Participant: 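Would you mind keeping the following structure in view while I ask a few things?
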Amino acid sequence: MMWRSGTVVALHDETPTARTIALQVSDWPSHVAGQHVDVRLTAPDGYSAVRSYSIASPPNAEGRVELTVERLSDGEVSPYLTQDLGVGDRLELRGPIGGWFVWRSRQAEPIQLIAGGSGIVPLMGMIRSRASAGSTEPFRLLYSVREPGAVFYRSELQAISDGVDSVTVTYAYTRATPRGWPRPPGRIDASFIAETTWSSKLIPTCYVCGPTSFVESTAALLVACGNRPDKIRTERFGPTGDRK
Amino acid sequence: MGIISRGFFGKRAVGDVKLPPGQYLTTDFPVLSAGPTPHIPLEKWEFTIDDGTKALRRWDWRSFRDLPTENITVDLHCVTRWSKLGTHWEGVSLDTILGEIETDADYAMVRSYGDYTTNLPLADLRNKQAWIAFRFDDEDLAPEHGGPARLLVPHLYLWKSAKWVRGIRLMHEDQPGFWESLGYHIYGDPWREQRYSGDE
């Protein structure tokens with residue numbers, strides 16, 4: 001798989017620790033929602049480091065690829081991408097990679113997306129792909145974040161959930177909630193899954209992305225609620241993974 | 001191509017640690033799985049060698065655990081780029097498991113609970129380089145890391161070390177397993193950086 005050159009055309013801070021990087025990539029073969037890319041940074045002395053990041057933008061023929069990168073304080077690549085990179089800089093990337101944790105517009109079943117923290121990135125790619133494909137398939141998003149300030153794509157998600165053919169968006173706050181929020185902060189539990197996700201009788205395909213412990217517990221809750229294990233697709237990033 | 005990122009220094013590995021190309025060192029143990037973690041009660045666990053038409057050999061947990069075991073210390077290399085060195089396992093050598101089986105098959109499809117599969121040449125399961133492991137760091141192998149038992153074939157990328165193994169199918173022709181059908185390399189040698197299909 002060949003390395004390509006991408007030029008940074010825009011940067012946008014999603015939260016104090018996460019930045020969206022919009023790249024213009026030459027000869028980009030397009031991608032499917034949920035796929036990721038490898039990004040390679042090379043130091044002036046030739047040392048290089050590569051990490052994988054999920055694609056947040058929908059498939060397109062214009063070579064536009066957006067990544068949203070969460071800065072890990074002990075990370076090797078994410079601090080550079082979120083703090084040092086500037087508009088006009090070039091990056092090497094290759095991809096798209098991955099054929100499992102993907103949503104294709106021909107899928108006709110209800111879709112349940114469940115994100116933990118920066119695990120929202122590939123799921124946002126799916127939501128945007130649904131819109132750009134003109135799909136009206138029923139989507140739900142359950143988005144678990146520590147506190148309101150940690151939400152990525154906030155205004156876009158609001159507009160999508162307010163629009164016609166909307167995606168139902170439910171937030172789960174684990175540490176602090178907005179003022180007047182009806183539910184105290186806490187982890188997603190069985191009753192929350194039962195109240196906010198598609199009934200397993202509809203046989204939704206579920207996509208769960210987030211830290212390992214989040215995905216482990218959430219996928220188990222989905223199975224306990226009657227969802228078929230083969231309809232649950234997971235993507236996990238561990239404490240050292242620079243993924244996303 | 002080599003685009004230089006001004007101001008990037010990176011975190012270089014210290015000392016004489018030699019890693020496969022494109023890998024970085026970690027000390028914890030990240031989890032990668034395509035779906036929910038299956039939980040297999042030991043009384044229902046089985047491990048079967050078959051040739052695609054019939055079972056050649058079958059073990060339940062008790063007869064499997066009656067097989068001679070080995071303590072293994074190996075390095076792990078995951079295609080998602082982390083490497084973990086000097087991991088301690090206990091398991092049964094595939095030389096023991098395949099020992100009494102006569103076959104002219106050249107390939108194997110490793111099959112797991114949860115329907116995961118991965119393929120590799122049968123030769124890569126022989127000659128003291130592959131095990132069915134059931135203990136990690138002196139503890140029973142946790143479900144999220146593949147317990148009750150997983151394949152351990154550390155000279156290939158870790159996706160080949162299938163978690164939750166339930167059997168091996170012997171094949172005369174190579175066929176792609178789960179990740180091998182989804183863009184990952186058919187063989188997966190980390191030292192040759194065979195990550196994706198098409199990598200040489």
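Chain letters run A, B, ... following the sequence lines, proteins first, then strands; residues in each count from 1. Keep in mind it's a predicted model, so treat the numbers as computed, not measured. We use all heavy atoms of the structure for the numbers below, so side chains are in, but hydrogens, waters and symmetry mates are not.
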Participant: Given the ring of B:Tyr24, does A:Arg51 sit roughly above its face, with NZ or CZ under 6.0 Å from the centre of the six-membered ring and within 45° of the axis?
Facilitator: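 Yes, A:Arg51 sits over the ring of B:Tyr24.
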Participant: By a 4.5 Å heavy-atom criterion (distance strictly below it), what part of B:Tyr196 contacts chain A: side chain, backbone, both, or neither?
Facilitator: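 When you check distances to chain A, only side chain atoms of B:Tyr196 fall under 4.5 Å.
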Participant: Considering heavy atoms only, which positions within residues 222-231 of chain A lie below 4.5 Å of chain B?
Facilitator: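 Residues A:Val223, A:Pro229 are the ones that qualify, each having a heavy atom under 4.5 Å from chain B.
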Participant: From the options B:Thr37, B:Val31, B:Leu151, select the one residue that forms a side chain to side chain contact (heavy atoms under 4.5 Å, CB included) with B:Lys163.
Facilitator: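 Among the candidates, only B:Val31 passes.
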Participant: Can you check whether B:Trp159 reaches B:Tyr184 side chain to side chain, under 4.5 Å on heavy atoms?
Facilitator: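 With C-beta onward as the side chain, the pair touches.
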Participant: Taking all non-hydrogen atoms of both residues, which atom of A:Val121 and which atom of A:Phe152 are closest, and how far apart?
Facilitator: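 Closest heavy-atom pair between A:Val121 and A:Phe152: CG2-CE2, 4.0 Å.
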Participant: With respect to chain B, which residue among A:Met1, A:Met2, A:Arg233 yields the maximal number of heavy-atom pairs within a distance under 4.5 Å?
Facilitator: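 Most heavy-atom pairs under 4.5 Å with chain B: A:Met1.
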Participant: Quick check on A:Phe101 against chain B: is it the side chain, the backbone, both or neither that has a heavy atom closer than 4.5 Å?
Facilitator: neither
Participant: For chain A, which candidate among B:Ser33, B:Ser181, B:Gly183, B:Pro143 shows the most heavy-atom pairs at distances under 4.5 Å?
Facilitator: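 Heavy-atom pair counts peak at B:Ser33.
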Participant: Going by ring pair (Phe, Tyr, Trp, His ring centres under 6.0 Å), name the residues that satisfy it together with A:Trp198, two or more places apart in sequence or in a different chain.
Facilitator: none
Participant: Closest approach of A:Ser105 and A:Trp103, non-hydrogen atoms and distance?
Facilitator: CA-CH2, 3.5 Å
Participant: Does NZ or CZ of A:Arg130 lie under 6.0 Å from the centre of the six-membered ring of A:Phe139, at an angle within 45° of the ring axis?
Facilitator: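 Yes, A:Arg130 sits over the ring of A:Phe139.
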Participant: If I measure from the heavy atoms of chain B, does A:Ile97 come under 4.5 Å with its side chain, its backbone, both, or neither?
Facilitator: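 Contact with chain B is through the side chain of A:Ile97 alone.
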Participant: Less than 4.5 Å apart, side chain to side chain, heavy atoms only: is that true for B:Asp106 and B:Leu122?
Facilitator: no
